[in-house]
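Scroll down for the structure; my scribbles are underneath it.
Convention: sequence-line order gives letters A, B, ...; per-chain numbering from 1.
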Amino acid sequence: MYLIKVYEKLYNAYGEQNWWPVDKEYHTKNKSDPREEIVIGAVLTQNTNWNNVEKALENLKKINALNFKAIIKMPVNDLEEVIKPSGFYRLKAKRLKNVCKHLYPVDVVERIEREELLKISGVGRETADSILLYAGKRPYFVIDAYTKRLMLRLYKVNGSYEDLRKLFEENLPKDVKLFQEYHALIVKHAKVHCSKKPSCEGCPLANNCQYFLSSGEYLLTSTGI
DNA sequence: CCCCAGGCCGCGC
DNA sequence: GCGCGGCATGGG
């Protein structure tokens, strides 16, 4: 089944996800740039539940620091306390300051090369592509643990990050909004049905899924997927 | 008590 | 190039 058909099935099942920016009004009130919130969120959510990230974002908002300038200026110890709920807070405080510095002013995300982004300490492939796609509105497909698991189950495809990214980018129209929604839908789907312990009942992709169609033997041989 | 979450880095091999 | 330990909070 084509990847665009998978997208349509997910879209019909879950609807628009509209991930970023989370708070559309905050930015008009505070005359800040939503792209900065996206970059900050992308760093804070590394291996972290979005619920925890939201707490950290709220803390930043309260002190008017949900922007690059404030984060660059803030002493790292203070930043640690503010973002503590998002976990790995000592690590992330350093990464955040570093990323904000390199992407200041935020228009940089419109033109920076992917390779240059990846040189920034604290920015790996997924964070880079999230920044490019959601803040820079550029057609890079974001791959994450959920996407890898879905591809493995759906098609028995097991590839590296770059393999999978190219698979999506070469088999879909290069449409930013499509890429944004598709990635968000995969995350949603992985939470609802395609979790580590899958719940295939009612899954919109079940009829096209290799895992579901051969679940007996697969379950026994694929612990940890 | 356990496991997990929208990864990344530095290291050894 | 790949696998592994460390990083930390909050929810189930």
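The residue A:Lys55 sits close only to the backbone: its heavy atoms come under 4.0 Å of sugar-phosphate atoms, none of a base. Residue-level contact check: A:Val123 touches the backbone only, with heavy atoms under 4.0 Å from sugar-phosphate atoms and none from bases. Contacts of A:Arg95 with the nucleic acid, taken as non-hydrogen atoms under 4.0 Å apart, include base atoms. Within 4.0 Å of A:Ile120, counting heavy atoms only, lie sugar-phosphate atoms of the nucleic acid but no base atom. Among the protein residues, A:Gly124 comes within range of the sugar-phosphate backbone only, with heavy atoms under 4.0 Å from sugar or phosphate atoms but none that close to a base.
For the atom pair NE2 (A:His189) and CG (A:Leu154), the distance works out to 7.5 Å, reported to the nearest 0.5 Å.
Within the structure, ring pair (Phe, Tyr, Trp, His ring centres under 6.0 Å) contacts touching residues 117-157 of chain A (residues at least two apart or in different chains) are A:Trp19-A:Tyr134, A:Trp20-A:Tyr134, A:Phe141-A:Phe168, A:Phe141-A:Phe179, A:Phe141-A:Tyr182. Counting only residues at least two apart or in different chains, side-chain hydrogen bond (donor to acceptor under 3.5 Å, both in side chains) contacts with residues 65-79 of chain A are absent.
Across the protein-nucleic acid pair, A:Gln46 atom CD and C:dT9 atom C1' stand 15 Å apart, rounded to whole Å. As rounded to whole Å, 16 Å separates atom C1' of C:dA8 from atom CG of A:Asn51. The interatomic distance linking A:Asn158 (CG) with C:dC2 (C1') rounds to 12 Å, in whole Å. Taking atom CZ of residue A:Phe88 and atom P of nucleotide C:dC7, one finds them 10 Å apart after rounding to whole Å. Following rounding to the nearest Å, A:Asn52 (CG) and C:dG12 (P) show an atom-to-atom distance of 11 Å.
At the phosphate of C:dC7, neither OP1 nor OP2 sits under 4.0 Å from any side-chain N or O atom of A:Tyr89.
Each of A:Thr127 and A:Asn49 was matched to the nucleotide of DNA chain B holding its nearest heavy atom; the match closer to the 5' end belongs to A:Asn49. Ranked by how close their nearest DNA chain B nucleotide is to the 5' end, A:Trp20 and A:Leu118 are led by A:Trp20.
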*salt bridge (Lys or Arg N to Asp or Glu O under 4.0 Å) between A:Glu58 and A:Lys55: does it pass, once the steps are laid out?*
CA-CA 5 Å; A:Glu58 284 301 318; A:Lys55 294 185 205 306; over 6 Å; no
*What do the steps show when you test A:Glu169 against A:Arg165 for salt bridge (Lys or Arg N to Asp or Glu O under 4.0 Å), and what is the final call?*
CA-CA 6 Å; A:Glu169 290 179 7; A:Arg165 183 171 68 83; 3.0 Å; yes
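Taking the charged nitrogens against the carboxylate oxygens, A:Glu16 and A:Lys177 do have a contact shorter than 4.0 Å, which makes a salt bridge. With salt bridges taken as basic N to acidic carboxylate O contacts below 4.0 Å, none links A:Lys119 and A:Glu115. Using a 4.0 Å cut-off between charged nitrogen and carboxylate oxygen, A:Glu162 and A:Arg125 count as a salt-bridge pair. Taking a cutoff of 4.0 Å between a charged side-chain nitrogen and a carboxylate oxygen, A:Glu110 and A:Arg35 qualify as a salt bridge.
Listed by residue number, there are no residues of residues 164-183 of chain A with a heavy-atom contact under 4.0 Å to DNA chain B. Scanning residues 77-86 of chain A for heavy-atom distances under 4.0 Å to DNA chain C yields A:Lys84, A:Pro85.
Here the separation of C:dC7 from B:dC1, taken at their C1' atoms, is 22 Å to the nearest Å. When the P atom is used for both B:dC3 and C:dG6, the distance is 16 Å, rounded to whole Å. For the C1' atoms, the distance linking C:dC2 with B:dG6 amounts to 23 Å, nearest Å.
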Review item, side-chain donor-acceptor pairs of residues 97-106 of chain A, under 3.5 Å, at least two apart:
from     : atom 1 : to       : atom 2 : distance (Å)
A:Lys97  : NZ     : A:Ile71  : O      : 2.9
A:Lys97  : NZ     : A:Ile72  : O      : 3.0
A:Lys97  : NZ     : A:Met74  : O      : 2.4
A:Asn98  : OD1    : A:His102 : ND1    : 3.3
A:Asn98  : ND2    : A:Ser121 : O      : 3.1
A:His102 : ND1    : A:Asn98  : O      : 2.9

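Here the closest heavy-atom approach between residue A:Lys196 and residue A:Pro198 is recorded as O-CD, 3.0 Å.
Annotation for A:Lys29: atom NZ counts as buried by contact number, over 12 foreign heavy atoms lying within 6.0 Å.
Between chain A and DNA chain B, the heavy-atom contact criterion of under 4.0 Å yields a 5' to 3' nucleotide range of B:dC4 to B:dC9.
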